[in-house]
Asker: 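Got a structure here, written out as structure tokens. Questions coming.
Letters A, B, ... mirror the listed sequences (proteins, then strands); counts begin at 1. Basis for what follows: all heavy atoms, side chains included, without hydrogens, waters or symmetry-related copies.
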Amino acid sequence: MGICKELPMPIFSDQEYAEEIRLKYRFLDLRRKKIHENIILRSKVISYIRNEMTKLGFLEFQTPILTSSSPEGARDFLVPSRLNPGKFYALPQAPQQFKQLIMVSGFDRYFQIAPCFRDEDARADRSPGEFYQLDLEMSFVEQEDVFNVVEKLMVNTFKSFSNKKLMFDKFPKISYKEAMLKYGTDKPDLRNPLIVNDITEIFTREDVSFEIFKKLVKSGSKVRCIVTKNTKDKPRSFFDNIDKWAKGEGASGLAYFTFENDKDISAKGPIGKFFSKEALLEIMKKTNCEIGDSIFMACGTKDELEKITSLARDKIARDLDLIDENIFAFCWIVDYPMFEKNELTNKIEFSHNPFSMPQGNLSEKDLKNPLEILAYQYDIVCNGIELSSGAIRNHKPELMYKLFSIAGYDKNQIDEKFSGMINALSYGAPPHGGIAPGIDRIVMLLANEKNIREVTMFPMNQNAQDLMMNAPSEVNPDQLKELNLSLKTKK
RNA sequence: GGGGGUGUAGCUCAGUUGGUUAGAGCGAUCGCCUGUCACGCGAUAGGUCGAGGGUUCGAGUCCCUUCACUCCCGCCA
């Protein structure tokens, strides 16, 4: 053993430490029991997945790390080319185009534990810069075939590496539209029993006199609500805290009352008096709730409601301790819309992957209502965390031109930006599709961690800096000169 | 780009309405004890209270600015 200086942090301890110290001395941090075991788990999970994929007949291939910049999606990391002055490589955001080209090449089942690079801001479950996906693609398949492979893989992996129970062995499929209504998000935590309902109609009734909501509804706003079971005995502070919390989240608040039956059905709470008995019965019918339950209501635009109901579902469930931490609840989110309208520019844009196959046989009429077109695009979600998204790809160049034209790209632009892809698809491409589950997030769930850095050996901090290696760093002028680069000094 | 939280010894933290010399536990160093294993006992060292400015007779504490880390929004097809 080498000699040892005084340690900047204790190693034999479960104590939490500032991330800054942990990341700077990651080699010491990694000696600590919990994270050491997490990293070993990660290694084992990856080996297991490799083995399972190989058994299923998938071949593992590497794809280029230095590739070309793509116009859609996240910001690219750029790498200047010495031999081609003024030109740049980009690090792949995912091996998306390559894996489709692999299908065209006649390798029908591909996978890779693929590094992906995106220059976007970090979150607790999102590393800045780089992360790993189990990237896979299959030829001559439909959506169900991909589901079968991935579902089996997930079930086996999670059963092998965790004692937690799976809520569903057969993952439920929820349409994007339904998810946005019932959960306010396309990554719902199904351990949470709370459901969102739309009760806009109630506020068009004569016998409801809650004028603030009625006025807003008249001008196009919607009302959505969350019902909590048997909360009649909760103190006033419980309700007020949630209302206050909602205001802190930027919403106008959450109106609430509790259903009571004291001689007759009534609503208890600050706004209860605005609802007639008949209106209350109608709400109870619509939201499937009973005497003793409470209701929280928000009014606003669709976007505003989705945001606040999603957060409120989580907040209320935590306050009421409704989430069983010993369960994994998987689901598929399906039927994503092909396009969406950008509210700022009013332009039609691809809502997810522009290379996805639209559903059905598109007539000219369908193309005139692009927002109605659904795609064979899907996500897999576990406990409210998006594990991956995938799609059946569009392997028909003519159809692709049509779809891109809706999003405002002409043929020349597509030929230029996606030349390799379009060219390949015009030589007899097989129908194909795939998906790419996030390895880091899978291990994070299995390790029961809330932060992705706890399952990453040498992570960067939130500002995309490696505090141990001092990356990114300045380079010497000779290097820049060789690359034909000069720097504008900031400020 | 925006909002919240945190920042006091190597580490984790306490520090009252602004008041004299800023403390504790762990760790470190030295010594003693010891079939020890999160040993025990004693002593010692260790502080720009994140940084800068302001208010005040007096600032760890109040005000302003700024930096770092972190969580969230935007962003991540």
Asker: If pairing requires Watson-Crick or G-U wobble contacts with both distances under 3.5 Å, which nucleotide is the partner of B:C62?
Answerer: B:G54
Asker: Return the nearest nucleotide to the side chain of A:Glu120; candidates are B:C69, B:C75, B:A77.
Answerer: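 Of all the options, the side chain of A:Glu120 is nearest to B:C75.
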Asker: Do A:Lys99's NZ or CZ and the ring of A:Tyr110 fall within the cation-pi criteria of under 6.0 Å and 45°?
Answerer: no
Asker: What nucleotide, of B:U12, B:G74, B:U70, holds the atom closest to the side chain of A:Glu19?
Answerer: B:U70
Asker: Contact between A:Phe117 and A:Pro92 at the side-chain level, heavy atoms closer than 4.5 Å - yes or no?
Answerer: yes
Asker: Look at the side chain of A:Arg22 against the base of B:C11 and say whether a donor-acceptor pair falls under 3.5 Å; ignore hydrogens and angles.
Answerer: no
Asker: Name the residue from A:Thr231, A:Asp240, A:Ile242 that meets the side-chain contact (heavy atoms from CB on, under 4.5 Å) definition with A:Tyr256.
Answerer: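 Between A:Tyr256 and the candidates, side-chain contact (heavy atoms from CB on, under 4.5 Å) is satisfied uniquely by A:Asp240.
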Asker: Can you tell me which nucleotide in B:G10, B:U70, B:C72 comes closest to the side chain of A:Asn461?
Answerer: B:U70
Asker: I want to confirm an ordering. Mapping A:Ile21 and A:Lys187 to their closest nucleotides on RNA chain B, which one lands closer to the 5' end?
Answerer: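 Comparing both residues, the 5'-ward one is A:Ile21.
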Asker: For B:U17, which nucleotide is its Watson-Crick or G-U wobble mate, given both distances must be under 3.5 Å?
Answerer: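 Here B:U17 is not engaged in any pair, so there is no nucleotide opposite it.
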Asker: Taking for each residue the nucleotide of RNA chain B with the nearest heavy atom, is it A:Ala94 or A:Asp125 whose nucleotide lies nearer the 5' end?
Answerer: A:Asp125
Asker: Determine the Euclidean distance between corresponding C1' atoms of B:U70 and B:G25; express it in Å to zero decimal places.
Answerer: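 One C1' to the other, the span is 25 Å.
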Asker: Between B:C71 and A:Arg453, is there an OP1 or OP2 to side-chain N/O distance shorter than 4.0 Å?
Answerer: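 Answer is yes, contact under 4.0 Å.
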Asker: Counting only Watson-Crick or G-U wobble pairs whose two distances fall under 3.5 Å, which nucleotide matches B:C33?
Answerer: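 Per the H-bond distance test, none.
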Asker: As a test of reading the structure: which of B:G74, B:A68, B:C76 is closest to the side chain of A:Arg118, going by heavy atoms?
Answerer: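 Closest nucleotide among those given: B:C76.
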Asker: Where the side chain of A:Leu23 is concerned, which of B:G10, B:C75, B:U70 is the nearest nucleotide?
Answerer: B:U70
Asker: NA contact type, A:Asn451, heavy-atom cut-off 4.0 Å: base, sugar-phosphate, or nothing?
Answerer: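 Touches sugar-phosphate only.
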Asker: My understanding is that a pair needs two contacts under 3.5 Å, Watson-Crick or G-U wobble. By that rule, which nucleotide pairs with B:A22?
Answerer: none
Asker: Taking only the C1' atom of each, what is the distance from B:G60 to B:U56 in whole angstrom?
Answerer: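 These two C1' atoms come out 16 Å apart once rounded.
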Asker: Check the distance between B:U70's C1' and A:Asn463's CG and give it to me in whole angstrom.
Answerer: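 The answer, rounded to whole Å, is 10 Å.
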Asker: Under 4.0 Å between a side-chain nitrogen and a carboxylate oxygen: does that hold for A:Arg22 and A:Glu454?
Answerer: yes
Asker: What is the distance, to the nearest angstrom, from the CZ atom on A:Arg75 to the P atom on B:G1?
Answerer: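 Interatomic distance, CZ of A:Arg75 to P of B:G1: 11 Å.
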Asker: To the nearest Å, how far apart are A:Lys24 NZ and B:U70 P?
Answerer: 14 Å
Asker: Mind checking the P distance from B:G2 to B:U65? Whole angstroms is fine.
Answerer: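 These two P atoms come out 13 Å apart once rounded.
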Asker: Quick one: label A:Ser351 by what it contacts on the DNA or RNA (base, sugar-phosphate, nothing), any heavy atom closer than 4.0 Å.
Answerer: sugar-phosphate
Asker: Is it true that A:Phe61 and A:Phe98 have ring centroids separated by less than 6.0 Å?
Answerer: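 Between A:Phe98 and A:Phe61, which both carry aromatic rings, the centre distance is not below 6.0 Å.
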Asker: Testing the 3.5 Å rule here: is there a donor-acceptor pair between the side chains of A:Asp76 and A:Gln93?
Answerer: yes
Asker: Of all the choices, B:G74, B:A77, B:C11, which nucleotide is nearest to the side chain of A:Tyr17 once you look at every atom?
Answerer: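 That would be B:C11.
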Asker: Provide the distance between the two P atoms, one in B:U29 and one in B:U36, to the nearest whole Å.
Answerer: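 To the nearest whole Å, 22 Å.
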Asker: Please confirm whether the shortest side-chain N or O distance from A:Gln465 to OP1 or OP2 of B:C69 is below 4.0 Å.
Answerer: yes
Asker: Tell me: CD of A:Glu20 to P of B:C67, nearest whole Å?
Answerer: 15 Å
Asker: When the P atoms of B:C73 and B:A59 are compared, how many Å lie between them, rounded to an integer?
Answerer: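 Each nucleotide's P atom is 42 Å from the other's.
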Asker: Taking atom P in both B:G4 and B:U66, compute the distance separating them and give it to the nearest angstrom.
Answerer: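 Those two atoms are separated by 13 Å.
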Asker: If I pick the C1' atom on B:A9 and the same atom on B:G53, what distance separates them, to the nearest angstrom?
Answerer: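 Those two atoms are separated by 26 Å.
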Asker: What is the distance from CE of A:Met9 to C1' of B:A28, rounded to the nearest Å?
Answerer: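 Going from A:Met9 (CE) to B:A28 (C1'), I get 16 Å.
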Asker: Across all strands, who's sitting opposite B:C75 as a Watson-Crick or G-U wobble pair, both distances under 3.5 Å?
Answerer: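 Partner of B:C75: none found under 3.5 Å.
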Asker: Given the P atoms of B:U8 and B:G50, what is the spacing between them in whole Å?
Answerer: 6 Å
Asker: OP1 or OP2 of B:C76 versus the side-chain N and O atoms of A:Gln93: is any pair under 4.0 Å?
Answerer: no
Asker: Could you tell me if A:Asp186 and A:Tyr336 have a donor-acceptor pair between their side chains, going purely by distance under 3.5 Å?
Answerer: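 Yes - a donor-acceptor pair under 3.5 Å links their side chains.
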Asker: Check whether any side-chain nitrogen or oxygen of A:Arg123 sits under 4.0 Å from OP1 or OP2 of B:C75, and answer yes or no.
Answerer: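 No.
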Asker: In whole angstrom, what separates A:Lys315's NZ from B:C73's C1'?
Answerer: 18 Å
